[in-house]
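Residue numbers begin at 1 in each chain, while the letters A, B, ... track the order of the sequences. As the structure is a computational prediction, the values presented were derived from the model and not from experiment.
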Amino acid sequence: MQIASWNVNSLRVRLPQVLTWLEENPVDVLAIQETKTQDPGFPLEEILDAGYRVVFSGQKTYNGVAILAKQKPEDVITDIPQLDDPQRRILAATIAGVRVINLYVVNGSEVGSEKYAYKLDWLEKVIAFIEEEKSRHEQVVVLGDFNIAPDERDVHDPEKWNENVILCSQLERSALEKLCALGFSDTFRQFEQEEASFSWWDYRSGGFPRNQGLRIDLILASAALSSVCSFSRIDKTPRAWERPSDHAPVIAEFKI
DNA sequence: ATGGTAGTCTAACTA
């Protein structure tokens, strides 16, 4: 079973790229973030025609998450009891017995800001939700745009992207560690990887051609899945396409 | 360089 995640930065703009990518990479599950699409305008037909089922939770202009899957998504959750939040950032579904939790984690703007406080509160509540989900399911994948670079290896310039900077701050990283301590493994780090492997490059100042990026898109797996993970990688190719998302897709395979 | 680019939607926000 291959499971992927991609922040597409507007599904309407990126739909042709998503469909092309799925033809070349016929994964079983694709978790999408930043659809920026309200549910009535969701491109349902095009995705069904591509042979995928789909569930989604969108809003106007910002955020929005979707899960595309070859098999039927069941027990879909868009809201959690811990958080009364109009922002569409969470989508959980069970696909072929695997609990898939798709997250578009809050960016947080800058350390110390109101948005940063919201990010930390959001993370705490989502982690509590995931703990409950994990007690109910053996095979769990938590994936998406985490807007957190786990450690120094995941930033192009650790001097610039230090522990006082958004996406890298101590409190963000310890929240991620707390999540992993529930029994999740960052599948990317289970394998030998090239140095300077990133999943996001700022549109500004030629980030991609200079490989000035961060690895903030993650696929975390519970022990039952991480033990059967055969690869986990970043596919940089769509980032080099014309009019790309600022994120590249990430893929992991589980031999189940 | 308190810049730069992209998306949503035409002003200003979010990233």
Expressed in angstrom and rounded to an integer, what is the separation of [X] atom [atom1] from [N] atom [atom2]?
X	N	atom1	atom2	answer
A:Gln33	B:dA15	CD	P	14 Å
A:Glu114	B:dT14	CD	C1'	15 Å
A:Ile166	B:dA15	CD1	C1'	11 Å
A:Asn147	B:dT14	CG	C1'	11 Å
A:Lys160	B:dT2	NZ	P	13 Å
A:Asn63	B:dA15	CG	P	7 Å
A:Tyr118	B:dA15	OH	C1'	14 Å
A:Glu34	B:dA15	CD	P	7 Å

For atom [atom1] of [X], decide whether the heavy atoms of other residues, nucleotides or ligands shown that lie under 6.0 angstrom number more than 12.
X	atom1	answer
A:Gln193	CD	yes
A:Asp157	CG	yes
A:Gln87	CD	yes

Could you give the distance separating [M] and [N] at their [atom1] atoms, to the nearest angstrom?
N	M	atom1	answer
B:dA11	B:dA6	C1'	16 Å
B:dC9	B:dT14	P	14 Å
B:dG3	B:dA15	C1'	16 Å

Presence of salt bridge, A:Asp79 and A:Arg88, under 4.0 angstrom: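 A salt bridge links A:Arg88 with A:Asp79.
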A:Arg215 bridged to A:Asp186 by N-O distance under 4.0 Å: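 Looking at A:Asp186 together with A:Arg215, the answer is yes, because their closest N to O distance falls below 4.0 Å.
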Footprint string (nucleotides 5-13 of chain B, 5' to 3'): B base within contact, S backbone only, - free, heavy atoms under 4.0 Å: BSSSS---B
side-chain contact (heavy atoms from CB on, under 4.5 Å) against A:Glu132, all qualifying residues, sequence neighbours excluded: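 side-chain contact (heavy atoms from CB on, under 4.5 Å) list for A:Glu132, sorted by chain: A:Gln82, A:Arg136.
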Side-chain donor-acceptor contact under 3.5 Å, A:Gln190 with A:Ser232: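 No, A:Ser232 and A:Gln190 have no side-chain donor paired with an acceptor closer than 3.5 Å.
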Sugar-phosphate only, base, or nothing, as touched by A:Phe208 at under 4.0 Å among non-hydrogen atoms: nothing
Touch class at under 4.0 angstrom, heavy-atom based, for A:Arg210 against every strand present: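 Nothing, no nucleic acid heavy atom in range.
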